[in-house]
Amino acid sequence: MGIIMIRFFGFFIVFLTTLTVFAQHDQTQIETINGRKYYVHIVKQGNTLYGIHQHYNASVEDILNANEGMSNNLILGQRILIPINLSNKDYYTEHTVQKGETLYGISKQYQCSVADLKQLNTDLSEGIALGQKIIVPIPGSTKAVKSEVKQTEPIKKNVEEEPKNSYSVSFQDSVILHKVLKHETMYSISKRYMVPTDTILKFNNLTSFKISKGDILKIPVKKVNYEVVEKDLNNLVNGDSTLGQNGSEFKDNYTIALLLPLMLDKNESEMGKSLRLGQAREMFPTTKISFEFYQGVMLAIDSLEKAGLNAKLLVYDTKKDTNEIARIMKLSAFNEVDLVIGPLYSHTIKYTTKACKERSIRIVLPFNADTDNLYNNPYVYKAVVSDITLMEGTVDYVINNHAHHNVILIKPTSTADLALFETVRKSYNERIKGSKSPYNLKIIEASQGSSSGRELNALIRSDTVNIFIVPSNDPAFVSGTMSRLNKVMNLNPYKKNFSIIAFGLEEWNKFDDLDLNYRNRLNQHYASYRFVDYNTSMGLDFVKVFRQKFATDPNVFSTQGFDIGMYFISSLYLYGTNFNAALETYKMNLVQNDFKMKETLINSGYENQNVRIIKYDNYKLVPVE
């Protein structure tokens with residue numbers, strides 16, 4: 001794969017060496033960064049994070065902070081920086097400020113910078129005083145560590161006593177100390193580390209799944225043997241072999257342009273700021289999202305190349321600026337582009353989709369975008385399902401599964417949500433006419449009511465399931481409605497056949513103030529275009545390969561990049577430059593997406609129409625089959 005990246009690799013190699021296994025192994029065992037000295041440890045067979053922290057007498061937290069993006073699972077050959085304690089007299093000493101000395105003069109004496117001294121001594125912001133003692137690095141102190149890391153087994157248990165099918169903990173496993181965050185559950189933590197909940201309970205001597213913010217859990221993370229997942233395109237569904245006669249061109253090499261707001265100048269400024277001692281250096285948030293998405297696309301292309309694809313990836317920083325995009329598209333290299341992925345922001349999307357239409361270049365919008373961009377533009381593919389489509393999918397599911405139950409629609413107060421409300425009302429009332437023996441001939445409409453929940457309680461039926469559809473993305477309104485529905489449950493403690501199912505939107509997962517107990521007790525369901533389960537064989541394979549390549553875990557952005565790259569670039573490879581005719585029948589097993597692309601209007605773009613229902617089940621998010 002040819003990759004052309006404008007100011008990209010050179011910049012990220014400096015600041016993100018721990019994110020990728022391509023970082024060269026420094027033969028020097030002591031390294032100085034911003035005045036702070038670090039042991040450089042290269043991971044060997046059998047090393048664990050626990051053993052390394054014990055050997056170097058450095059806390060796990062300090063090691064993780066010194067290695068941005070470091071995975072909890074160690075990989076053979078991985079390069080880890082270990083902060084050397086400031087009390088270590090082999091590498092640091094105290095300097096007593098003499099009359100007439102300045103920070104600049106002291107920095108020259110100890111071969112460091114003024115910024116280095118300030119980082120080692122957080123009290124220097126106000127200058128120095130006569131007789132003041134400050135910590136300084138010893139010049140040239142690169143004393144080698146001659147001894148090897150001797151691993152200490154932190155787990156005192158007999159593995160042989162475990163049942164045959166249990167999750168055993170071995171000598172080579174890493175033990176992670178996880179601090180429970182707000183709204184985290186035992187299930188979500190088990191998903192994060194891919195460790196069964198029962199194992200976490202047993203390992204921490206717990207008797208229930210109840211945990212609280214601030215609790216510290218020991219997580220035994222398995223050491224894995226990585227195997228590269230090779231995607232065999234011969235097993236994919238092939239379309240009509242005559243597609244090549246419909247203006248589709250098949251090439252020996254394809255060029256893909258990735259237009260992302262990498263914001264390299266802004267990020268360089270952020271990364272160049274002085275840090276306080278112990279403070280971790282972090283990327284600019286927009287840069288981080290863009291880089292993670294890029295990682296997913298790159299992994300997809302690597303996988304497709306194993307199946308025979310020849311591709312060149314051009315990566316450009318849009319800077320969130322339409323003028324910059326115009327400049328990029330005038331470059332000679334852009335004349336060879338077959339497919340554009342991106343950009344991410346609404347004003348740049350509008351400009352770029354129009355420009356791609358003028359040049360007959362196909363463009364994939366990987367995140368949420370206005371459907372107006374699809375109108376009269378057959379070159380645009382919108383990967384994310386709109387909320388309107390998701391609400392229509394919710395109505396389909398409710399009518400197919402709950403037409404014989406009591407269905408109530410809550411009217412939101414936000415103007416932005418009224419379109420969703422009208423969609424549900426109109427769609428339900430039209431489709432219920434074809435249902436046999438529905439409980440209600442029309443959907444029941446209701447307001448949120450008072451905080452007591454008594455108005456909503458008057459609408460329920462005690463002899464059946466009560467479905468409440470809440471078409472809102474307003475955090476305050478959603479939280480208030482769920483609180484009222486919880487009070488309705490409290491008002492009906494002894495009704496055996498009574499239950500509530502609340503239908504909402506995926507956006508609710510971002511609401512910090514939405515009580516997780518309410519969501520579970522009210523059996524909350526929501527419609528989504530995606531769902532990822534890293535415990536499936538495909539999910540596990542993806543995580544393993546991503547860790548092997550980038551030495552970090554994937555997230556929603558990198559997984560989205562992988563799925564979009566796999567689906568649309570493989571479409572280009574299989575069906576040529578005009579793959580529109582194949583999209584409505586083309587299927588591919590992906591990690592978190594299931595694309596069902598359909599033309600919105602004649603001679604217009606394509607939107608993903610896939611809708612699946614996700615529900616809370618005993619504090620777990622699971623797809624409804």
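Please read these numbers as outputs of a predicted model, since none were measured by experiment.
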Enquirer: Kindly say whether Ser414 contributes a backbone atom to a donor-acceptor pair with the side chain of Asp474 at under 3.5 angstrom?
Expert: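 Answer holds: no.
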Enquirer: Check the orientation of Phe557 and Phe367. Use parallel for under 30°, tilted for 30 to 60°, and perpendicular for over 60°.
Expert: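 Perpendicular.
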Enquirer: Flag yes if more than 12 heavy atoms outside Ile602 fall under 6.0 Å of its CD1 atom; otherwise flag no.
Expert: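 Count not over threshold, so no.
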Enquirer: Any donor and acceptor pair, going by atom type alone, linking the side chain of Asn429 with main-chain N or O of Ile443 inside 3.5 Å?
Expert: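 Checked: pair present.
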Enquirer: What I want to check is whether the side chains of Asn486 and Ser483 have a donor and an acceptor closer together than 3.5 Å.
Expert: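 No - no donor-acceptor pair under 3.5 Å links their side chains.
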Enquirer: Got a donor-acceptor contact below 3.5 angstrom from the Asn520 side chain to the Tyr619 backbone?
Expert: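 Yes, Asn520 side chain to Tyr619 backbone: donor-acceptor pair under 3.5 Å.
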Enquirer: Looking at Arg484 and Glu455, does any basic side-chain N land under 4.0 Å from a carboxylate oxygen?
Expert: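 Result for this pair is no, no salt bridge flagged.
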Enquirer: Determine whether a donor-acceptor pair (N or O, by modelled atom type, separation under 3.5 Å) exists between the side chain of Asp215 and the backbone of Val180.
Expert: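 Here the side-chain-to-backbone pair does not exist.
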Enquirer: May I ask you to check whether Asn593 and Asn610 show a side-chain donor-acceptor distance below 3.5 Å?
Expert: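 Short answer, no.
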Enquirer: Please name the pair of heavy atoms, one in Leu418 and one in Lys411, separated by the smallest distance, quoted to 0.1 Å.
Expert: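 Reported closest heavy-atom pair: CD2-CE, 4.2 Å.
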Enquirer: Taking the six-membered ring for Trp and the full ring for Phe, Tyr or His, determine whether the centres of His525 and Phe503 are under 6.0 Å apart.
Expert: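 Under 6.0 Å, so yes.
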Enquirer: So, Ser290 side chain and Pro261 main chain: donor-acceptor pair closer than 3.5 Å or not?
Expert: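 Yes, because the side chain of Ser290 sits within donor-acceptor range (under 3.5 Å) of the backbone of Pro261.
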Enquirer: Assert yes or no for the condition that the ring centre distance of Phe562 to Phe546 is strictly below 6.0 Å.
Expert: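 So the answer is no for these two rings.
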Enquirer: Taking 4.0 angstrom as the limit, do Glu270 and Lys273 come out as a salt bridge?
Expert: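 Answer for the salt bridge query: yes.
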Enquirer: Nearest 0.5 Å, please: how far is NE2 in His402 from CD1 in Ile469?
Expert: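 Answer for the CD1-NE2 pair, Ile469 versus His402, is 9.5 Å.
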Enquirer: More than 12 non-hydrogen atoms from neighbouring residues, nucleotides or ligands closer than 6.0 Å to NZ on Lys350, yes or no?
Expert: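 For Lys350, atom NZ is not crowded (no more than 12 foreign heavy atoms under 6.0 Å).
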Enquirer: For the pair Trp508 (side chain) and Ser479 (backbone), establish whether a donor and an acceptor sit closer than 3.5 Å, ignoring hydrogens and angles.
Expert: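 Checking the backbone N and O of Ser479 against the side chain of Trp508, no donor-acceptor pair under 3.5 Å is found.
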Enquirer: Got a second to check how far Leu374's CG is from Leu365's CG, nearest 0.5 Å?
Expert: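 Leu374 CG to Leu365 CG: 7.0 Å, rounded to 0.5 Å.
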Enquirer: To the nearest 0.5 Å, what is the distance between OG1 (Thr423) and CG (Asp387)?
Expert: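 Going from OG1 on Thr423 over to CG on Asp387, the span is 10.0 Å.
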Enquirer: Has the side chain of Asp563 got a donor or acceptor atom that lies under 3.5 Å from a matching backbone atom of Met566?
Expert: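 Not confirmed, Asp563 side chain does not pair with Met566 backbone.
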